[in-house]
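See structure below.
Worth knowing before you read on, the calculation uses all heavy atoms, side chains too, and leaves out hydrogens, waters and symmetry mates. Quick caveat: nothing in here was measured; it's all calculated off a predicted structure.
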Amino acid sequence: MIDIELIRKNPEFVKENIKKKFQDGKLCLVDKVLELDKSKRALQTEGDGLRAQRNELAKKIGALMREKKLKEAEEIKEISKKNNERVAEIEKECAEVEAELKKAMMSIPNIISERVPLGKDDSQNVEGKVYLKAEQKTFEVPYHLDILESVDGIDLDSARRTSGNGFYYLTGDIARLHSAVLTYARDFMIDKGFTFCIPPYMIRSDVVSGVMSFEEMDGMMYKIEGEDLYLIGTSEHSMIGRFMGTTLPESKLPQTLTSYSPCFRKEKGAHGLEERGIYRIHQFEKQEMIVLCKPEESDYWYEKMWNYTVELFVSMEIPVRQLLCCSGDLADLKYESCDIEAWSPRQKKYFEVGSCSNLTDAQARRLGIKYKNEKTGRNEFVHTLNNTVVAPPRMLIAFLENHLQADGSVYIPPVLRPYMGGKDKIIPKK
RNA sequence: GCAGAGAUGGCGGAGUGGUCGAACGCGCACGACUCGAAAUCGUGUUACGGGCAACUGUACGGGGGUUCGAAUCCCUCUCUCUGCGCCA
C-alpha cells in the first residue's frame with residue numbers, strides 16, 4: 001500500500017508507475033481513490049461536527065442532572081437521540097467509503113525503483129551478473145530424482161502413501177546433507193551479523209491477511225481445522241508479523257534477522273516435469289533473512305542481502321546468476337526484486353533458488369510497522385526487505401546436478417564437510 | 001483443560017457511569033541555580049485522523065452491546081498472573 005498523500009499530491013506520477021507495470025486497467029483506481037478520499041473527508045468532517053455536538057449535549061445533561069433539573073435534561077436527551085441517529089447514518093456511510101478506499105489503495109502497486117528494467121512479464125526479466133562459470137559436464141546429467149535414488153536418498157512411494165503427492169522422505173546422507181546445508185547457511189548468516197530466530201510455524205488469520213492478499217492465502221495457506229491458525233508458507237510471515245502494529249525506537253534499527261522454519265504450501269494447480277520431483281512441494285525447509293530498516297538504508301540492504309545469497313552458493317561451489325525482475329513481473333507490494341538462480345547442468349539453464357525483495361514502506365504501512373525518527377520526532381514507517389538464504393530440498397537439485405561426478409558419486413565442497421562428519425563425497429549404492 | 005485475578009501513557013500506578021486523554025510517581029526534554037555537575041525548583045511530555053487555521057474527532061488489550069453519555073456496566077475473543085489438572 002502506498003502513501004495516499006502521494007496520490008493526492010502527484011496522481012500523474014502514480015499513474016506513470018502503473019503504466020510502467022503494464023497494469024493500465026488500474027489507472028482508473030487513482031481517480032477513484034481521489035474521489036473516495038474526498039467524500040471520506042467530507043463525511044468525516046460532518047461526522048466530527050455531529051460528534052462534537054453529542055459530546056457537548058452529554059456534558060449539558062450531566063450538569064443538569066447534578067442540578068436536579070430533570071425535565072430539562074430529558075428534553076436535551078431527546079435532541080441528542082435524534083442527533084445520534086444522524087451520526088449512525090454517517091458512520092455507516094463513512095465505513096463503506098473507507099472500505100472501498102482501502103480496497104482501491106491495496107490494488108495500487110508500490111512505486112518501483114528506477115533501476116527496475118521495464119518489461120511485460122517474466123520473459124523480459126534481465127540477466128545480471130554471473131558468478132562461477134558453469135563447467136561443461138563430460139557426461140549426461142540425469143533427472144535429480146534419479147540421482148537421489150542412486151544414492152538411496154529418497155523414498156517418494158512411502159510418502160505418497162502416508163501424505164500424498166508433494167511429500168518426501170529424505171534418507172541417509174541426503175537427509176544429512178539437507179540439514180548440513182541449513183546449518184551451514186544459518187552459521188553463515190550469523191557470521192554476517194544477523195540474529196538467528198526460530199519463529200512460530202502457525203499464525204492467526206489476522207496476521208495472514210496482513211501479510212498477503214486473499215488470493216495468495218487461498219492458493220497457499222493450510223488451515224488448522226477448528227482453530228484460528230494457519231501453517232506458515234514462509235518464515236517471513238511470522239517474522240514480519242512479529243512487528244505488526246509496533247513502533248520501534250530508532251536505535252533498534254536496522255533489525256537484521258535470519259530465521260529457520262519449515263514451510264507449508266498448497267501449491268494449487270498442475271505443474272510440468274521441471275516442477276516435479278522435489279522442486280515444488282507441500283513441505284520444505286528454509287533459512288530466510290529479513291531486514292527492517294530506515295527508509296534511506298533500504299537500497300543498501302537490498303544489495304547486501306542478495307549478495308549474501310550469491311556468496312553462500314559460491315562458497316558451496318554452485319554457479320549462480322542474478323536475474324533482475326522486470327516491472328511487469330514485479331509483485332504489487334515490491335519496489336525492487338531479483339531472483340538468485342542456480343545453474344542446472346541437466347537443463348542447461350538457470351532456475352530459481354531464491355528471491356530478494358525490497359518492499360520499501362508498502363508492507364510496513366499495511367501492517368503498521370513504524371519507528372521513531374529522532375530527527376523529526378515523528379513516527380514513520382520502516383522499510384522491509386526479505387530474501388531467501390537457502391531453501392533445501394530445492395537447492396539440493398542444483399547441488400546434486402552440479403556436484404555429480406562421472407563415477408556417480410556426489411562431491412561435497414569443503415565448507416559443508418564439518419557438517420557431514422568430514423565426508424568429501426556421497427557414494428552411490430551397489 | 002478447570003477455577004480465580006488481571007490488561008490503563010515510555011515505565012510504575014490511580015480511577016467503578018458525566019467536569020477523565022486520564023491523578024500521583026519515575027523517566028525524558030527544555031529552562032533556572034552552578035565555574036561545571038549532582039541535588040533542588042519551574043515548564044513541557046500519548047498516538048492516529050480531519051482542517052489554511054481557530055479548532056475538532058477517535059482510541060484505556062481486540063470486537064460487539066446497554067446509555068443522552070462508558071476506562072468504569074453487559075457479552076465475546078485474545079493475552080498475562082496464581083492455583084489445580086494434563087503433557088513432550
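- Note on A/Asn83: nothing from the nucleic acid sits closer than 4.0 angstrom, heavy atoms only.
- The residue among A/Ala52 and A/Arg378 whose nearest nucleotide of RNA chain B lies closer to the 5′ end is A/Arg378.
- A/Lys26 and A/Ser107 share no donor-acceptor pair across their side chains, judged by distance under 3.5 Å alone.
- In this structure, A/Asp3 atom CG and B/C48 atom C1' are separated by 14 Å, rounded to whole Å.
- If you check every strand for non-hydrogen atoms under 4.0 Å, A/Lys59 touches nothing.
- When heavy atoms are screened at a 4.0 angstrom cut-off, A/Asp228 is found touching no nucleic acid atom at all.
- Using a 4.0 Å heavy-atom criterion, one finds that A/Arg8 contacts the sugar-phosphate atoms exclusively.
- Looking at heavy-atom distances under 4.0 Å, A/Asp206 makes no contact with the nucleic acid at all.
- Checked against B/C68, B/G57, B/G50, the side chain of A/Asn84 finds its nearest nucleotide in B/C68.
- We find that CG of A/Leu50 is positioned 15 Å from C1' of B/U58, with the value rounded to whole Å.
- Using a 4.0 Å heavy-atom distance criterion, A/Arg204 is classed as a sugar-phosphate-only contact.
- Look at A/Arg54 and you won't find any side-chain N or O under 4.0 angstrom from OP1 or OP2 of B/C68.
- Separating the CZ atom of A/Arg66 from the P atom of B/G17 is a distance of 14 Å, rounded to the nearest angstrom.
- Closest approach to the A/Arg51 side chain among B/C68, B/G49, B/G57 is made by B/G57 (side chain taken as heavy atoms from C-beta onward).
- Checking side-chain atoms of A/Arg394 against main-chain N and O of A/Glu352 turns up a donor-acceptor pair under 3.5 Å.
- With both ends at atom C1', the span from B/G62 to B/G15 equals 22 Å, rounded to whole Å.
- Here, B/G9 and B/C48 have their C1' atoms 14 Å apart, quoted to the whole Å.
- Rounded to an integer number of Å, the gap from A/Arg41 CZ to B/U58 C1' is 18 Å.
- The separation of B/C87 from B/G6, taken at their P atoms, amounts to 31 Å, rounded to a whole angstrom.
- Figure legend: cation-pi geometry between A/Lys223 and A/Tyr230, with NZ or CZ positioned under 6.0 Å from the six-membered ring centre and within 45° of its axis.
- Of the candidates B/A47, B/C68, B/G50, B/C68 carries the atom nearest the A/Ala58 side chain, counting heavy atoms from C-beta on.
- Figure legend. B/A29 is base-paired to B/U43; pairs are counted as Watson-Crick or G-U wobble with both atom distances under 3.5 Å.
- Whole-Å rounding puts the A/Tyr371 OH to B/A47 P distance at 16 Å.
- Comparing B/U56 with B/U19, their P atoms are spaced 15 Å from each other, to the whole Å.
- Per the geometry, CD1 belonging to A/Ile79 stands 14 Å off P belonging to B/G69, to the nearest Å.
- Side-chain contact of A/Gln23 with A/Asp332: a donor-acceptor pair under 3.5 Å is present, judged by distance alone.
- Remark: C1' of B/A54 and CG of A/Asp48 are 15 Å apart, rounded to the nearest angstrom.
- Under the Watson-Crick or G-U wobble criterion, with both distances below 3.5 Å, B/G49 is paired with B/U56.
- In this entry the distance linking CG of A/Asn55 with P of B/C20 reads 14 Å, nearest Å.
- Between the P atoms of B/U45 and B/A38, the separation comes to 23 Å (whole Å).
- Note on A/Ile61: a base of the nucleic acid sits closer than 4.0 angstrom, heavy atoms only.
- Using modelled atom types, one side-chain atom of A/Ser150 and one backbone atom of A/Ile147 make a donor-acceptor pair closer than 3.5 Å.
- At a threshold of 4.0 angstrom between heavy atoms, the contacts of A/Lys370 are confined to the sugar-phosphate backbone, with no base atom among them.
- Atom name C1', nucleotides B/C86 and B/A5: the rounded distance is 22 Å, in whole Å.
- Nucleotides B/U8 and B/U80, compared at atom C1', are 15 Å apart to the nearest Å.
- The shortest heavy-atom contact between A/Lys19 and A/Asp24 is CA-OD1, 3.9 Å.
- Of the P atoms belonging to B/C73 and B/A7, the separation is 11 Å, rounded to the nearest Å.
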